[in-house]
Structure formats: structure tokens, C-alpha cells
Amino acid sequence: MNSIGDVIVNRLIKFMNEKKLTQYRLAQLSGVPFPTIKSIMQRRTKDITLKTILMLCTGLQITPSEFFNDESFINIILE
């Protein structure tokens, strides 16, 4: 089982790779500050808000449904 933070990071990596986006570019597109994205990706941020995820989805040009449509969210460890 993975933590919710691990699952979120894995989903971000998947979509960033598909769209060939760097963390810096995602920050520009989403409005989420680069240090926040860096902290999330380094798994230092424990409490990622829904607002942040929604902003990241906007930057990735995906719907929240697309982001959360993954079986890895079913068996997560809630911190």
C-alpha cells in the first residue's frame, strides 16, 4: 500500500511526462508556486489540499476525474 502523497506524486509524474512538462512549467501553468510543487514531488509536503490538486489539474489540462481515475487511490494509507 502507498500513502496518498505517494499516489499523488506518481499521478503528477505520469501526466507531467505525458505532456513533457517540468515542475517549473507546471508551476507557471497552474499558479501553484514552484517551491510548493518541488516540496510535493520530494514528498516533503504531507497535507496536499484539494485546491492545490485542482490547480495542478488545470495546469496539466486534465479534469479532476482524470487525475483521480486510478486504482492506486483505492488502497491508500491515509496519513
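We use all heavy atoms of the structure for the numbers below, so side chains are in, but hydrogens, waters and symmetry mates are not.
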**OP:** Establish, from distance only, whether the side-chain atoms of S39 and Q42 form a donor-acceptor pair under 3.5 Å.
**Re:** no
Original post:
Any chance CZ of F34 has more than 12 other-residue heavy atoms, nucleotides or ligands included, within less than 6.0 Å?
Top reply: yes
Original post:
Mind checking whether T63 and C57 have side chains closer than 4.5 Å, heavy atoms only?
Top reply: no
**OP:** Work out which heavy atom in P33 is nearest to a heavy atom in A27; give both atom names and the distance.
**Re:** C-CB, 4.2 Å
Original post:
Which pair of non-hydrogen atoms, one from R43 and one from N10, has the smallest distance, and what is that distance?
Top reply: NH2-OD1, 3.4 Å
Original post:
Is it true that Y24 and L60 fall in one hydrophobic cluster, defined by side-chain heavy atoms closer than 4.5 Å?
Top reply: no
Original post:
How many angstroms lie between atom CZ of R44 and atom NZ of K38, to the nearest 0.5 angstrom?
Top reply: 6.5 Å
Original post:
Does any N or O in the side chain of R11 come within less than 3.5 Å of the main-chain N or O of D70, such that one atom is a donor and the other an acceptor?
Top reply: no
Subject >> Pairwise side-chain contact, T58 with S30, heavy-atom cut-off 4.5 Å (strictly under) >> reply: no
**OP:** With the side chain counted from C-beta on, respond yes when L26 and L56 share a heavy-atom pair under 4.5 Å apart, and no when they do not.
**Re:** yes
Original post:
Does the side-chain contact (heavy atoms from CB on, under 4.5 Å) test come out yes or no for L54 and K51, once each step is laid out?
Top reply: CA-CA 5 Å; L54 294 175; K51 178 182 177 182; 5.6 Å; no
Original post:
How many angstroms lie between CD1 in I13 and CD1 in I8, if you round to the nearest 0.5 Å?
Top reply: 12.0 Å
**OP:** Please say whether more than 12 non-hydrogen atoms of neighbouring residues, nucleotides or ligands are located less than 6.0 Å from CD in Q28.
**Re:** yes
Original post:
Do the rings of F67 and F73 sit parallel, tilted or perpendicular, given the 30° and 60° boundaries?
Top reply: tilted
Subject >> Nearest-0.5 Å distance that lies between atom CZ in F15 and atom CD in E66 >> reply: 6.0 Å
Subject >> L12 side chain near Q23 side chain, heavy-atom distance below 4.5 Å >> reply: no
**OP:** Return yes if some donor-acceptor pair links the side-chain N/O of N69 with the main-chain N/O of S65 below 3.5 Å, else return no.
**Re:** no
Subject >> Over 12 foreign heavy atoms within 6.0 Å of NZ, K19 >> reply: yes
**OP:** To the nearest 0.5 angstrom, please state how far the CE atom of M55 sits from the CG atom of L50.
**Re:** 12.0 Å
Subject >> Under 3.5 Å donor-acceptor, T45 side chain and I48 backbone >> reply: no
